[in-house]
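Notes for the one structure printed next.
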Amino acid sequence: MLYWIAEQLGFPGILNLVRYLSFRSGGAVATALIIGWIIGPKFIGWLRVRQGKGQPIRSDGPQTHLAKVGTPTMGGLLILTAMTSSILLWMDLSNPYVWACLFVTLGFGMIGFLDDYDKVRKASTAGVSGRARLLGEFVIAGAAAWIITQHNGTNLYVPFFSQFSVDLGPAYIVFAAFTIVAFGNAVNLTDGLDGLATMPVIIAAVTFMIIVYLSGNARFAAYLGIPHVPRAGDLAIFCGAMIGAGLAFLWYNAPPAAVFMGDTGSLALGGALGAIAVTAHHEIVLGIVGGLFVVEAMSVIIQVFFYKRTGKRVFRMAPIHHHFEQLGWSEPTVVIRFWIIALVLALAGLSTLKLR
């Protein structure tokens with residue numbers, strides 16, 4: 001909105017700064033952070049009053065988690081409010097990529113909200129059925145993938161090879177939708193400890209802020225041998241808003257958490273990262289940068305697969321962060337060590353930009 005106003009006025013005086021993507025990206029971080037900080041306490045208090053007993057805690061989970069009974073959920077609404085407000089303020093309203101990613105974010109957030117609401121209403125850990133959730137997610141992701149491909153094609157680029165790609169044609173839309181849905185659910189599975197998912201999402205957002213900025217710049221993209229996606233640079237603003245909103249939420253989600261983000265936040269943030277990666281043609285790199293989320297999701301798949309066939313468990317408990325809790329690691333130890341892993345993987349993902 002601010003960009004449109006400045007553009008209509010001819011970027012006079014100090015509004016000339018709005019021309020610069022770096023300025024608007026920084027503004028998006030600060031705006032989302034401030035909004036989150038300001039509305040956080042009253043918002044959390046409102047959730048606590050409305051929800052009463054808060055998020056239902058699994059009785060078969062780690063016994064230490066029973067102390068969290070009464071903690072409100074749906075904190076993702078705080079993230080989405082701060083994030084969306086910041087994006088709409090600083091984005092270029094004519095950019096289809098930002099609208100497509102925002103559509104995924106809010107769409108997945110709505111699905112997560114319905115799931116959280118159902119859990120709180122029934123005082124049960126069983127929310128909306130898995131099939132209904134996945135159907136809704138694939139419809140939203142498929143629509144967003146179609147919008148994105150109308151502007152940047154259907155090529156799948158392979159990291160470590162300069163400008164090497166495979167044109168998947170219409171199949172790319174299916175692949176892109178799967179990437180978005182898979183990553184949304186991977187982040188959702190990771191969100192099981194105070195602050196565990198929030199910081200890795202912030203780290204991934206910082207990484208992709210750099211990637212989309214470089215991809216959107218023809219000179220940098222040519223130098224690095226990565227796909228050039230005109231106007232993708234505006235997604236740096238989107239990532240900035242995600243970073244600011246995530247930091248504001250982490251202020252209240254740090255152990256011991258005053259609020260949980262719930263599926264409302266985890267599905268939305270994971271889907272947003274997936275959509276950004278699809279737009280920048282860095283889907284495979286997302287698997288590296290977000291490797292922690294991939295491992296969390298795979299641990300669940302492996303556990304279910306082997307248990308159904310052998311009756312035995314590979315891990316003491318899945319997702320894998322619970323496995324380490326069962327081994328005796330304290331919750332803060334698991335969280336901080338997983339943050340370190342997320343940072344290392346993000347650096348590894350960034351290295352692919354030059355190793356081609």
Derivation and outcome, side chain to side chain contact (heavy atoms under 4.5 Å, CB included), residues Ile276 and Ile211
CA-CA 10 Å; Ile276 292 168; Ile211 290 175; over 6 Å; no
Whether over 12 other heavy atoms sit under 6.0 Å from Trp329 CH2
yes
Any non-hydrogen side-chain atom of Thr190 less than 4.5 Å from a side-chain atom of Leu196?
yes
When rounded to the nearest 0.5 angstrom, what distance separates CG in Leu193 from CD in Glu331?
4.5 Å
Within the 6.0 Å centroid threshold, strictly below: Tyr157 and Phe164:
no
Side chains of Val206 and Met209, heavy atoms from C-beta outward: is any pair under 4.5 Å?
no
Let me see the working for His282 and Ser215 under side chain to side chain contact (heavy atoms under 4.5 Å, CB included), right down to the final yes or no.
CA-CA 10 Å; His282 276 71; Ser215 296; 3.7 Å; yes
If hydrophobic clusters are built from ILVMFWY residues whose side chains come within less than 4.5 Å, do Leu93 and Leu235 share one?
yes
Nearest 0.5 Å, what's the CE-CG distance between Met242 and Leu269?
6.0 Å
Quick one: do Leu267 and Glu137 satisfy side chain to side chain contact (heavy atoms under 4.5 Å, CB included)? Show the steps, please.
CA-CA 9 Å; Leu267 273 178; Glu137 290 167 16; 3.7 Å; yes
Least distance between heavy atoms, Thr84 atom then Leu106 atom:
OG1-CD2, 3.6 Å
Do you know the tightest heavy-atom contact between Val212 and Ala236?
CG2-N, 3.5 Å
According to a hydrophobic-cluster definition based on side-chain heavy atoms being under 4.5 Å apart (Ile, Leu, Val, Met, Phe, Trp, Tyr only), do Tyr20 and Val18 belong together?
yes
Phe178, CZ atom: more than 12 neighbouring heavy atoms under 6.0 Å
no
Leu156 and Glu283: which non-hydrogen atoms are nearest, and at how many Å?
CD1-OE1, 3.6 Å
Before you tell me yes or no, could you show the steps for Met91 and Leu2 under side chain to side chain contact (heavy atoms under 4.5 Å, CB included), namely the whole-Å CA-CA distance, both residues' side-chain angles and the distance that decides it to 0.1 Å?
CA-CA 8 Å; Met91 71 178 279; Leu2 189 58; over 6 Å; no
Between Val98 and Leu88, is there shared hydrophobic-cluster membership here, with clusters defined by ILVMFWY side-chain heavy atoms closer than 4.5 Å?
yes
Residue pair Phe338 / Val295, side-chain heavy-atom distance below 4.5 Å
no
Rounded to the nearest 0.5 angstrom, the NE2-CZ distance for His322 and Phe315 is 13.0 Å
Quick check: closest heavy atoms across Ile87 and Ala241, and the distance to 0.1 Å?
CG1-CB, 3.5 Å
Among Leu80, Ile180, Val187, find the one that has a side chain to side chain contact (heavy atoms under 4.5 Å, CB included) with Phe108.
Ile180
Rest of the hydrophobic cluster containing Ile173 (Ile/Leu/Val/Met/Phe/Trp/Tyr, side-chain heavy atoms under 4.5 Å)?
Trp146, Ile147
Interatomic distance, CD1@Ile38 vs CG@Leu33, rounded to 0.5 Å, equals 9.5 Å
Counting only N and O atoms by type, is there a donor-acceptor contact under 3.5 Å from the side chain of Asp191 to the main-chain atoms of Ala197?
no
Between the side chain of His281 and the main-chain N/O of Asn155, is any donor-acceptor distance below 3.5 Å?
yes
N/O donor-acceptor pair under 3.5 Å between Asp116 side chain and Asp263 backbone:
yes
When you measure from the side chain of Trp90 to the backbone of Gly240, do you find a donor-acceptor pair of N or O atoms at a distance under 3.5 Å?
no
Please check if any side-chain donor atom of Ser25 sits under 3.5 Å from a side-chain acceptor atom of Ser22, or the reverse.
no
What's the shortest heavy-atom distance between Ala268 and Thr105, and which atoms?
CB-O, 3.3 Å
When clusters are formed by joining ILVMFWY residues with side-chain heavy atoms under 4.5 Å apart, either directly or through shared neighbours, do Leu135 and Phe103 land in the same one?
no
Parallel, tilted or perpendicular: ring planes of Phe293 versus Phe183, cut at 30 and 60 degrees
perpendicular
Using modelled atom types and a 3.5 Å cut-off, is there a donor and acceptor pairing between side-chain atoms of Asn253 and backbone atoms of Met261?
no
CZ of Phe23: more than 12 outside heavy atoms within 6.0 angstrom?
yes
Atom pair OG1 (Thr352) and CD1 (Ile226), whose distance is rounded to the nearest 0.5 Å
8.5 Å
Assigning hydrophobic clusters by single linkage (Ile, Leu, Val, Met, Phe, Trp, Tyr; side-chain heavy-atom cutoff under 4.5 Å), is Phe160 placed with Leu353?
yes
Would you say Thr71 and Arg48 are linked by a side-chain donor-acceptor pair, where the criterion is simply a distance under 3.5 Å?
no
Pairwise side-chain contact, Ile288 with Val294, heavy-atom cut-off 4.5 Å (strictly under):
no
For the CG atom of Leu78 and the NZ atom of Lys42, what is their distance to the nearest 0.5 Å?
14.0 Å
Would you say the side chains of Gln326 and His323 form a donor-acceptor pair under 3.5 Å?
no
How about Arg133 and Asn185: does a side-chain donor come under 3.5 Å of a side-chain acceptor?
yes
Nearest heavy-atom contact between Gly244 and Ala32 is C-CB, 3.9 Å
Do Trp99 and Asn95 come close enough that some side-chain heavy atom pair is under 4.5 Å?
no
Quick check: do Trp339 and Leu292 have side-chain heavy atoms less than 4.5 Å from each other?
no
Is there a side-chain contact between Met74 and Phe113 in this structure, where contact means two heavy atoms from C-beta onward sitting under 4.5 Å apart?
yes
Does the pair Asp92 and Arg231 meet the rule for a salt bridge (Lys or Arg N to Asp or Glu O under 4.0 Å), with working shown?
CA-CA 10 Å; Asp92 177 358; Arg231 305 192 72 186; 3.0 Å; yes
Any sub-3.5 Å donor-acceptor pair from Ser299's side-chain atoms to Glu296's backbone N or O?
yes
Between Arg121 and Asp118, does any NZ, NE, NH1 or NH2 come within less than 4.0 Å of an OD or OE carboxylate oxygen?
yes
Could you tell me whether a side-chain N or O of Ser351 sits under 3.5 Å from a main-chain N or O of Ala348, the two making a donor and an acceptor?
yes
In the structure I gave you, are the side-chain heavy atoms of Tyr97 and His151 within less than 4.5 Å of one another anywhere?
yes
